[in-house]
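For ligands, and for the atoms within them, numbers begin at 1 and follow the listed sequence.
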Amino acid sequence: MADRVEDLARAFERLPGIGPRQAKRFVYYLLSASQSDRSRMADLIRDLNANVRQCRECMRFWSGAADICNYCSDPNRDDSILMLIEKDQDLLAVERTGAYRGRYFVLGGVLTLSGKGHIREQELVERVERRTRGDLAEIVLALSATSEGEHTADRVRELLAPLRGHLKLSVLGRGLSTGSELEYADAPTLSGALQNRKET
Ligand SMILES: [Zn+2]
């Protein structure tokens, strides 16, 4: 018979930043928790299938009934500016500043110097191509101030080169210290970096 403790530990090991020992700690914590706590957690995970979907436009995950998320469908947001970010958590960090009213596209990762990693290249090119036929005037590269962030920005520039035309491409201004991830930037810093963005 399969060892369920081992099976669950291996499932936890697949979570980012979790090693075999931490994975085991999670399993034994769950075994010591009440049955209702365990069921609640299992239900929440199961619910992700039914109640969270990926926005067809910006690719972020959201708990709504429509194919397009609330930011993408909001008629009061600015169609002339599109911000490219690495991951969903970065989008939430930018939203917390209240300083940005444009549209988003979530790249879904970064590219490493050693050639690892993945970003949504095809979807990005399609979105930008379509939006250049509309009001799009500026693309903001809001990536982390890390070597991966810079490497990813280079690839995005390459991808968008044939589409640039009159598009302005900008990056976040100073304020974000080197090595810092967007997700962890505080609201005033991020807001300042947004206001001081510069053309690239
Ligand atoms: Zn969206």
Item checked: Side-chain donor-acceptor pair present, R103, S80, cut-off under 3.5 Å -> no
Check: With a cut-off of 2.8 Å, which protein N/O/S atoms are close to the Zn ion (ligand 1), if we only count those under it?
Finding: C55 SG, C58 SG, C69 SG, C72 SG
Next item on the list: Could you verify whether a donor N or O on one side chain and an acceptor N or O on the other, from Y104 and E95, lie under 3.5 Å apart?
Entry: yes
Notebook entry, point to check: Cut-off 3.5 Å, side chains only: do T152 and E86 have a donor facing an acceptor?
Noted result: no
Check: Have T146 and S144 got a donor and an acceptor in their side chains that come within less than 3.5 Å?
Finding: no
Using residues 41-51 as the side-chain source, report each donor-acceptor pair under 3.5 Å to any protein atom, sequence neighbours left out, with the distance given to one decimal.
| unit_1 | atom_1 | unit_2 | atom_2 | d |
| --- | --- | --- | --- | --- |
| D43 | OD1 | R46 | NH1 | 2.9 |

Check: Out of curiosity, does L160 fall in the hydrophobic cluster containing V110 (side-chain heavy atoms, cut-off under 4.5 Å, transitive links)?
Finding: no
